[in-house]
Amino acid sequence: MFIELDLQSETPIYAQLVDQIVEGIASGELKPGDPLQSVRRLAEELGINLHTVNKSYNLLKQEGFLQVHRKQGVIVQSDGMPGVTEAFEAKLQRQMRSLAAEAAVRGMSEEAFTQQSRAVYRDTITNRGGEQH
């Protein structure tokens, strides 16, 4: 999986890594049971602190996207992805509210915002080989 970090971004590196791994799962680039690089190896490859990678992996494990095995290492969850929960819906609403507010302040119409949202969702799950759920 190709990971591209923006070290100048206001988004923390660990969050960028989490987002890109989830996108990899959504797109089908990462499939259930696929192994991920070790914390140390990924940190070296990306040129970042191993604690940053460890934090990302732990967050993804807590959310149910990854499994950590002593012998197999870190793998994409093979027992099914986490479902839509109230906590996820609340998080989604907070993030969408912020984006909608900025779009409105910038003069973007509701229809344009909806079209952009739909296009991003579809691109994430279809244009990169993922299966639509």
Side-chain angles (χ1 to χ4, degrees):
M1 180 177 157
F2 182 73
I3 294 176
E4 190 173 307
L5 300 175
D6 179 358
L7 302 178
Q8 304 305 314
S9 173
E10 292 179 14
T11 304
I13 295 170
Y14 80 89
Q16 291 180 51
L17 187 54
V18 165
D19 290 346
Q20 289 189 35
I21 291 171
V22 172
E23 285 179 31
I25 295 168
S27 71
E29 187 178 349
L30 291 172
K31 296 182 179 8
D34 279 356
L36 297 181
Q37 292 177 314
S38 70
V39 169
R40 183 168 276 114
R41 184 169 184 144
L42 185 57
E44 287 174 4
E45 184 178 300
L46 296 174
I48 61 175
N49 190 295
L50 64 95
H51 296 293
T52 302
V53 175
N54 193 49
K55 181 175 184 173
S56 300
Y57 279 7
N58 281 327
L59 287 170
L60 288 163
K61 179 185 172 195
Q62 288 172 5
E63 290 291 322
F65 293 104
L66 299 180
Q67 294 176 331
V68 179
H69 297 283
R70 288 184 189 260
K71 291 185 180 181
Q72 293 177 297
V74 179
I75 64 169
V76 176
Q77 177 64 261
S78 58
D79 296 331
M81 287 295 132
V84 176
T85 62
E86 286 184 31
F88 170 74
E89 287 183 336
K91 174 185 168 185
L92 179 65
Q93 190 171 41
R94 280 191 310 275
Q95 292 175 343
M96 294 281 298
R97 183 179 311 240
S98 175
L99 290 170
E102 184 173 351
V105 167
R106 291 176 177 269
M108 181 180 264
S109 69
E110 178 183 352
E111 181 59 31
F113 181 80
T114 302
Q115 287 175 353
Q116 283 286 339
S117 298
R118 188 176 293 120
V120 168
Y121 183 88
R122 288 179 178 165
D123 179 60
T124 300
I125 63 169
T126 59
N127 291 345
R128 296 186 192 144
E131 296 178 20
Q132 192 164 357
H133 299 282

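The shortest non-hydrogen separation linking S78 to G33 is CB-N, 3.9 Å. Closest approach of Q67 to D79, counting heavy atoms only: NE2-OD2, 3.0 Å. The two residues S117 and M96 make their nearest non-hydrogen contact at OG-CE, 4.2 Å. Nearest heavy atoms, S9 versus Q16: CB-NE2, 3.6 Å.
Contacts classified as side chain to side chain donor-acceptor pair (under 3.5 Å) and involving residues 47-61 (residues at least two apart or in different chains) are not found.
Distance check: E44 CD to Q37 CD gives 10.0 Å after rounding to the nearest 0.5 Å. Between atom CG of residue L5 and atom CG of residue D19 there is a gap of 10.5 Å, rounded to the nearest 0.5 Å. Expressed to the nearest 0.5 Å, how far CD of Q116 lies from CZ of F113 amounts to 9.5 Å. Interatomic distance, CG of L66 versus CD1 of I25, reported as 5.5 Å (0.5 Å rounding).
Under the 4.5 Å side-chain heavy-atom criterion for ILVMFWY residues, no single connected hydrophobic cluster contains both F88 and V18. With hydrophobic clusters built from ILVMFWY side chains whose heavy atoms lie under 4.5 angstrom apart, V84 shares a cluster with L92.
Judged by distance alone, the side chain of Q20 and the main-chain N or O of E4 form a donor-acceptor pair under 3.5 Å.
Taking E102 as the reference, R106 meet the salt bridge (Lys or Arg N to Asp or Glu O under 4.0 Å) condition, with sequence neighbours excluded.
Of the listed residues (V53, V68, I21, L60), just one forms a side chain to side chain contact (heavy atoms under 4.5 Å, CB included) with V74, and that residue is V68. Each of R94, Q93, Q95 was checked for a side chain to side chain contact (heavy atoms under 4.5 Å, CB included) with R97, and the lone residue meeting it is Q93.
Taking the side chain as every heavy atom from C-beta outward, L42 and L36 never approach each other to under 4.5 Å. Between V76 and K31 the shortest side-chain heavy-atom distance does not fall below 4.5 Å.
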Take L17 and L46, measure what side chain to side chain contact (heavy atoms under 4.5 Å, CB included) needs, and give me the verdict at the end.
-> CA-CA 10 Å; L17 187 54; L46 296 174; 4.2 Å; yes
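Q115 and E111 share a side-chain donor-acceptor pair at under 3.5 Å.
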